[in-house]
Amino acid sequence: MLQQTQVGAVIGYFQRFLDRFPDIGALARASEDEVLQLWSGLGYYARARNLHKAARAIVDSPGGRFPSTAAQIELLPGVGRSTAAAIAAFCFGERAAILDGNVKRVLARRFGVEGFPGASKVEAELWVLAERLLPNIAAPEEMEAYTQGLMDLGATVCTRSAPGCALCPVATECVARATGRTAELPAPRPKKAYPTREAAWLLLRYRGLTVMEKRPAPGIWGGLWVFPEFGGEDPIRHCLAEFGCELSSHRELPLLRHGFTHFRLEIRPIVCEVVKRERRAESPGRAWFPLKEAASEAVPVPVRKLLAML
DNA sequence: CTCCAGGTGG
DNA sequence: CCACCTGGAG
């Protein structure tokens with residue numbers, strides 16, 4: 001959950017998640033849809049799908065036990081080099097280097113690493129430094145304090161703005177500090193203009209029900225339920241042809257904007273009042289939900305917002 | 001409103 | 001290299 005997400009946003013999700021899935025077996029036995037329900041609103045839903053897959057992979061593995069080395073842990077879906085190292089260091093005392101966003105900032109400043117962390121060349125340089133800095137431990141227990149200390153240094157002292165250099169244990173050896181460049185290091189992400197996409201969403205209302213469609217994975221909101229999108233001109237004709245629904249009226253709600261990493265989505269919500277629904281087999285991946293319960297399904301934030309307005 | 005943080009996988 | 005989401009800061 002903490003991959004690409006800050007602690008404050010995670011805590012509530014983490015507690016609800018562990019209440020429902022107290023161990024790997026419980027997670028493995030659950031459906032992907034239920035896992036996504038508990039992840040709904042947290043974003044980056046591939047993490048949830050991967051976590052679920054990882055639980056099943058562990059349960060189905062020969063020993064049925066959680067892998068105990070960084071190299072083995074990294075084979076799990078959704079677990080990369082840094083997360084694998086963090087688990088191995090904290091749980092098994094392995095001498096493995098982590099490199100999360102906070103640590104990258106500490107290293108970039110302390111060693112004066114130029115360039116944007118994320119550029120592959122800079123990334124490689126940071127990994128070399130992270131490995132080289134690992135302490136020569138006498139016992140596995142020592143890895144915890146080192147790893148936690150490094151992460152906390154970045155999270156609480158070597159912060160992005162206004163770092164607390166006066167409190168920093170490595171201030172005297174810090175390149176950024178010595179050259180007065182703590183504000184310039186690490187280099188910011190190169191700016192890039194990103195496009196706006198538009199989408200019209202149909203919010204059908206019929207006897208306290210609404211229809212949603214399951215997005216394919218991978219892709220945006222993969223595995224989540226989203227209002228049907230349509231690109232046509234005429235909601236009345238579209239609803240009849242696609243959903244067998246006769247409308248008495250339809251109205252637009254205010255434009256809803258949602259930002260992604262690489263584009264911005266402008267959602268035009270169209271509330272459609274259905275008076276008559278033709279009986280027909282539901283296509284797979286499309287379902288009617290009671291409006292009152294829809295918000296507890298696996299839905300992304302904009303859908304949640306719109307449900308609150310219905 | 002805009003900008004930004006934050007790892008993994010393809 | 002790019003795709004993937006959201007909330008908080010400014």
Side-chain angles (χ1 to χ4, degrees), chain A residues 1-14 36 38-54 57 70 73-89 96-109 115-124 126-127 130 147 151 154-156 158-163 183-197 199 215-226 254-267 298-306:
Chain A
M1 285 182 178
L2 287 167
Q3 290 170 357
Q4 300 286 281
T5 306
Q6 284 155 11
V7 177
V10 160
I11 292 174
Y13 284 89
F14 180 73
L36 285 169
L38 278 157
W39 206 277
S40 171
L42 204 48
Y44 288 119
Y45 299 95
R47 297 179 298 175
R49 301 194 301 269
N50 282 331
L51 187 58
H52 184 230
K53 274 189 214 138
I73 296 166
E74 195 178 342
L75 296 175
L76 296 170
V79 180
R81 184 171 171 186
S82 186
T83 302
I87 296 169
I98 59 159
L99 189 62
D100 69 7
N102 289 325
V103 174
K104 286 178 191 178
R105 188 170 54 250
V106 171
L107 299 182
R109 284 180 175 155
F116 168 64
S120 57
K121 197 179 155 193
V122 178
E123 202 78 359
L126 291 169
W127 272 113
T147 307
M151 292 169 72
T156 65
C158 194
T159 49
R160 195 174 64 87
S161 49
E184 284 86 57
L185 295 176
R189 166 181 300 278
K191 285 194 200 299
K192 212 169 43 174
Y194 57 100
T196 298
R197 294 187 205 164
R215 293 274 183 131
I220 300 242
W221 295 324
L224 273 73
W225 295 93
V226 178
L255 205 63
L256 190 63
R257 282 176 240 274
H258 191 80
F260 292 87
T261 2
H262 47 302
F263 68 96
R264 178 215 291 272
L265 184 62
E266 288 189 348
I267 300 158
V299 297
V301 166
V303 170
R304 190 175 301 281
K305 286 181 182 168
L306 290 170

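Chain letters run A, B, ... following the sequence lines, proteins first and then strands; every chain starts at 1.
As a whole-Å value, the separation of A:Y194 OH from C:dC4 P is 14 Å.
In this model, the phosphate group of C:dC5 is not approached by any side-chain N or O of A:T5 to a distance below 4.0 Å at OP1 or OP2. Between A:W221 and the phosphate of C:dT6, there is a side-chain N or O to OP1/OP2 separation shorter than 4.0 Å. Remark: A:R47 is not in phosphate contact with C:dC5, judged by side-chain N or O atoms under 4.0 Å from OP1 or OP2. Contact between the side-chain N/O atoms of A:Y44 and the OP1/OP2 oxygens of C:dA3 is not found at any separation under 4.0 Å. Dashed line: the shortest gap from a side-chain N or O of A:N50 to OP1 or OP2 of B:dT8 is not under 4.0 Å. Residue A:R264 has a polar side-chain atom (N or O) positioned under 4.0 Å from OP1 or OP2 of B:dT2.
Of the candidates B:dA5, B:dG6, C:dC5, the closest approach to any side-chain atom of A:R160 belongs to B:dA5. Considering only side-chain atoms of A:T261, the nucleotide from B:dG7, C:dC5, C:dG7 that sits closest is C:dC5. Picking from C:dC4, B:dC1, B:dG7 the nucleotide with the shortest atom distance to the side chain of A:R257 gives B:dC1. Closest to the A:H262 side chain, of the nucleotides C:dC1, B:dG6, C:dC4, is C:dC4.
Checked by distance alone, A:Q4 brings a side-chain donor or acceptor within 3.5 Å of a matching partner on the base of B:dG7.
In this structure, A:Q6 and A:G78 both approach DNA chain B, and ranking their closest nucleotides by distance from the 5' end singles out A:Q6. Mapping A:F116 and A:W127 onto DNA chain B via the closest heavy atom, the residue that lands nearer the 5' end is A:F116. Mapping A:A119 and A:H258 onto DNA chain C by nearest heavy atom places A:A119 at the nucleotide closer to the 5' end.
For A:W39 and A:H52, the ring centers sit 6.0 Å or farther from each other.
Using bins of under 30°, 30° to 60° and over 60° for the plane-to-plane angle, the ring pair A:F260/A:F263 lands in the parallel bin.
Heavy atoms of A:A9 sit nowhere under 4.0 angstrom from any nucleic acid atom.
Taking a 6.0 Å sphere around CZ of A:F116, one finds it holds more than 12 heavy atoms contributed by other residues, nucleotides or ligands.
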